[in-house]
Amino acid sequence: MRQLLADTTPLKVSPDYRRLWLGLSISNIGTQVTIVAVGLQVYALTGSTLAVGLLGLFSLVPLVALGLYGGALVDHYDRRTVSLLSSLVLWVVVAGIAAQAWFGLESVPLLYGLVAVQSAAFAINNPARSAIIPRLLPKELMPAANALATLSMNVALTGGPLFGALLVAQLGYAWAYTLDMVLFLAALWAVFRLPPVPPEGTEGAVLNSRGRVGAVGLRSVLDGLRYLATQPNVRTTFLVDICAMVLSFPRVLWPAAGVIYLGGGETTTGVLAAAFAIGGILASVFSGGLTRMRKQGQVIVWAITAWGLSIAAFGLVLVLVGRDSPDGAVVGAVIAAGIALAFAGGSDSISSVFRQSILQTATPDHMRGRLQGVFIVVVAGGPRLGEMVLGAEATWFGEGWAAVVGGLTCVVLLWLIVRLTPRFWRYDSRHPEP
């Protein structure tokens, strides 16, 4: 049983990593509380679902715009300093969100602006934190470390929104945001306690793809992209993730599934979202055997194959039930759909663990920040594009068939990519090659 459970060795061998993981695990809960509270506040002020949806736009644009440049900063300056300063900005933004609630400003444009600044700071903070971790642990422990990170994030995604909604209902928005301020101090403390983490061998200057000194700017960003284009294994981790997220990310289908197909409305939609998150948690909890596997490319391929088939199975449940708009929940169908989404969530977590591990271990240190910047852009933008794709397909031939077609198309394209990149299938973590 101990071999099956998540490998906690990273927490034991590195006090710096242990503090960082604990601090981020605590602060992630507060972040999710704020996300749900801001959405509820915007809806309370406007009564408009579109206004709530615009929060996603104001969050996504700065994230994509600064993600690549943030990675270049991480490859130029001490990563602890970059992470600490961007974390301070994040904390100040949360304080601003709390202040507008305490003083009753009730300004939706102000909330949009604060969310945009928060997203911009996160676009710098996330690549910095991700580039720090390979410097705290040996490369063979990176899958275990990423599994632990995925576990803490999925726990926050499961419990944070529920706790945030209850806190808003009982105490109001101001207390929810204030809680986030307090919990975020754990992340600040963990980053503050880190030793200096300058890019290896750069002496404060960023290196280009040929290992030569360059300056921070557009040229540095483009050089990172050129490097990525020449490295088949790292490049393939991005391609297969885009394949999965753009073609078959199912979140946009859940509201219609709860109303038109499965019945139960918002409650069923919540059950589907929870099933997806719980699948990710279970995969992380029982990741002990997986994180020791050396053929990481093959693990990713099989995980995404399982993802695509799980999404297709979810769609098949909807097709079989039909668009009958039942008055109550069709319990058997809800359970079947939930099981399919739990498998999808677990598969996504496994894929994420090993994609991040390859990126962190196969990429040379002087390029790690920039490729982490690409990673955050792909992770943030892929699901958004996927919602657009499946949303369009659902209008053409229904939500059920959209999921079936999207899942199966994902599997077919995935194996085509693997066939065109045989080195990725042979990838061995003992000899990481980008």
Side-chain angles (χ1 to χ4, degrees), residues 1 4-8 21 24-26 28-33 35-36 143-144 146-167 241 244-245 248-258 261-291 299 302-318 329-356 379 383 386-387 390 403 407:
M1 187 64 180
L4 292 176
L5 294 176
D7 185 359
T8 58
W21 181 83
L24 294 176
S25 297
I26 294 172
N28 283 339
I29 296 173
T31 299
Q32 295 304 315
V33 168
I35 288 173
V36 73
N146 288 321
L148 291 171
T150 302
L151 173 61
S152 67
M153 178 55 71
N154 278 320
V155 170
L157 288 171
T158 304
L162 177 60
F163 185 52
L166 291 174
L167 195 59
D241 185 50
M245 295 297 103
S248 53
F249 190 68
R251 185 170 56 196
V252 71
L253 307 177
W254 296 343
Y261 293 88
L262 305 175
E266 293 85 352
T267 301
T268 296
T269 300
V271 168
L272 298 179
F276 187 87
I278 290 171
I281 291 173
L282 291 176
S284 300
V285 168
F286 295 101
S287 62
L290 278 174
T291 55
V299 176
W302 286 117
I304 297 179
T305 299
W307 158 274
L309 294 177
S310 298
I311 299 303
F314 166 69
L316 186 60
V317 172
L318 302 186
V330 183
V331 176
V334 172
I335 293 173
I339 291 173
L341 289 176
F343 274 103
S347 302
D348 182 51
S349 291
I350 293 170
S351 167
S352 175
V353 165
F354 287 100
R355 285 185 289 105
Q356 180 74 291
V379 168
E387 290 179 348
L390 259 68

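Note that the structure is predicted; figures quoted are calculated from it, not measured.
- Atom-to-atom distance recorded for Ser347:OG and Leu341:CG is 11.0 Å, nearest 0.5 angstrom.
- Within the 4.5 Å cutoff, no side-chain heavy atoms of Leu24 are placed close to those of Met153.
- Contact detail for Ala403 and Leu253: the closest heavy-atom pair is CB-CD1, 3.8 Å.
- Separating the CG atom in Leu390 from the OG atom in Ser248 is a distance of 7.0 Å, to the nearest 0.5 Å.
- Atom OH of residue Tyr261 and atom CG of residue Leu318 lie 6.0 Å apart, to the nearest 0.5 angstrom.
- Of all heavy-atom pairs spanning Ala337 and Leu272, the tightest one is CB-CD2, 4.0 Å.
- Nearest heavy atom pair, residue Val317 against residue Ala336, reads CG2-CB, 4.0 Å.
- Taking all atoms of both residues into account, the shortest heavy-atom contact from Val33 to Gly164 is CG1-CA, 3.8 Å.
- Among all heavy-atom pairs drawn from Ala283 and Ser349, the shortest one is CB-CB, 4.3 Å.
- Atom-to-atom distance recorded for Trp302:CH2 and Ile350:CD1 is 13.5 Å, nearest 0.5 angstrom.
- Taking OG from Ser310 and CG from Leu316, the interatomic distance works out to 12.5 Å, rounded to the nearest 0.5 Å.
- With contacts defined as side-chain heavy-atom distances shorter than 4.5 Å, the pair Val271/Leu262 does not qualify.
- Between the Thr150 side chain and the Asn146 main chain, a donor and an acceptor come within less than 3.5 Å of each other.
- One finds the CG atom of Leu282 at 10.0 Å from the CZ atom of Phe343 (value rounded to the nearest 0.5 Å).
- The nearest pair of heavy atoms linking Ala244 to Ile304 is CB-CG2, 4.0 Å.
- Ring geometry for Phe249 against Trp307 counts as parallel: the plane angle stays under 30°, on a 0 to 90° scale with 60° as the upper cut.
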